[in-house]
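Values below: all heavy atoms of this structure, side chains included; hydrogens, waters and symmetry mates excluded. First listed ligand is number 1; within each ligand, the first listed atom is number 1.
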Amino acid sequence: MVEFKKFENGFEYVEVSNNAARARIALQGAHIFHFARTNEEPILWLSDTSDFEIGKALRGGIPLCWPSFGMNNPDLPQHGFARVGMWRVENHREIDENSTQITFTLNDTKQSRELWNHSFLLELKVILSETLIMELTTTNLDDKPFKITQAFHTYFQISDISNIAIEGLSDKPYLDALTDKHHVQKGDITFFEEFDCVFQEVGSEILLIDKNSTISIKNEGSSSVVVWNPWIEKCKRMSGMRDDAYREFVCIESANAFEDFKILEPKEYHTLKATIC
Ligand code: TA6
């Protein structure tokens with residue numbers, strides 16, 4: 001079932017539900033801010049201080065960073081503009097009683113062309129079941145090529161930052177965004193300080209291992225993965241989160257970032273796909 005809803009301040013979202021799972025997706029940013037399997041805890045973290053403000057990105061869920069990841073394009077706002085753009089629901093359908101598909105679209109506008117002078121179609125296809133599948137397709141509708149970097153900036157809910165480990169990135173080269181130095185990851189990732197790294201040459205499944213659960217993340221059309229936790233001091237400085245919120249989430253971001261950028265010729269398209277289960 002797909003229901004169109006809004007909060008009291010007019011902030012619009014769709015609630016997608018079937019026998020297997022439920023999701024809430026804001027029209028602003030096509031931002032998935034809730035995903036939970038039936039009778040289970042949410043898989044995504046959403047800040048409990050989130051105020052669903054129009055024009056401001058939500059803190060948590062899955063912000064879409066596009067057409068620039070971070071400050072990869074210094075002429076654009078951090079993480080681009082798609083996460084605060086107003087998307088449309090293009091279509092939706094029940095695949096079966098456990099699975100629903102919904103597609104959102106965003107086109108260039110006068111305001112987007114003032115920031116980034118290109119004509120594009122951006123489509124987010126979401127398939128909701130026990131698994132969450134997202135496909136973000138960029139089509140160049142312009143008569144000149146353009147370059148994008150992008151990410152599903154997924155905030156995962158965890159029991160506690162001290163309980164988790166991330167598997168699947170050992171031996172991968174990475175850029176430590178905090179020091180701007182390149183290294184190679186040795187072993188699984190655990191957390192004891194601020195962490196903000198961009199892994200490259202990633203082609204296999206990543207596992208988020210928690211005390212009583214494991215989440216699998218598989219990416220296609222992507223070879224970069226960003227892992228981020230702000231830890232104590234940065235968390236205090238971040239907008240939209242409590243001072244100790246860093247204990248409750250980790251971001252594992254399916255990306256085309258830094259050297260994994262994409263250049264699209266006119267009419268060309270690229271799909272970034274993530275499967276979370
Ligand atoms: O993806 C990691 C990161 O780029 C961090 O450096 C970080 O500050 C963050 O994303 C959150 O960015 P935001 O613009 O949403 O505050």
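Residues Gln185 and Ser170 have side chains that never bring a donor and an acceptor to within less than 3.5 angstrom of each other. A donor atom on one side chain and an acceptor atom on the other are not found under 3.5 Å apart for Glu135 and Thr271.
Taking a cut-off of under 4.0 Å to the non-hydrogen atoms of Gln78, the atoms of ligand 1 that pass are 12 (O), 13 (P), 14 (O). Interface atoms of ligand 1 facing Glu253, defined by a heavy-atom separation under 4.0 Å, are 1 (O), 2 (C). Remark: ligand 1 atoms within the under-4.0 Å shell around heavy atoms of Met238 are 16 (O). Listed by number with element, the atoms of ligand 1 under 4.0 Å from a non-hydrogen atom of His153 are 1 (O), 2 (C), 3 (C), 9 (C), 10 (O), 11 (C). Shown in contact with Phe69 at under 4.0 Å from a heavy atom are these atoms of ligand 1, numbered in order with element: 1 (O).
At the shortest separation from atom 6 (O) of ligand 1 among protein heavy atoms lies Asp196 OD2, 2.5 Å. Nearest to atom 16 (O) of ligand 1 among the protein's heavy atoms is Arg59 NH2, 3.0 Å. Counting only heavy atoms of the protein, atom 15 (O) of ligand 1 lies nearest to Arg83 NH1, 2.9 Å.
Within the 3.5 Å criterion, the main-chain N or O of Asp75 finds no donor-acceptor partner in the side chain of Trp116.
Clustering ILVMFWY residues whenever any of their side-chain heavy atoms sit less than 4.5 angstrom apart, transitively, puts Val14 in the very cluster that holds Leu64. Residues Phe152 and Leu122 share a hydrophobic cluster, clusters being chains of Ile/Leu/Val/Met/Phe/Trp/Tyr side chains in contact below 4.5 Å.
Between Tyr174 and His182, the ring centre distance reaches or exceeds 6.0 Å.
Any N or O atom pair closer than 3.5 Å counts here, and Trp228 shares no such pair with ligand 1.
Ion pairing between a basic and an acidic side chain is recognised when a charged N comes within 4.0 Å of a carboxylate O; Glu114 and Lys110 show such pairing.
By heavy-atom distance, the residue among Lys234, His79, Met71 lying nearest atom 8 (O) of ligand 1 is Lys234.
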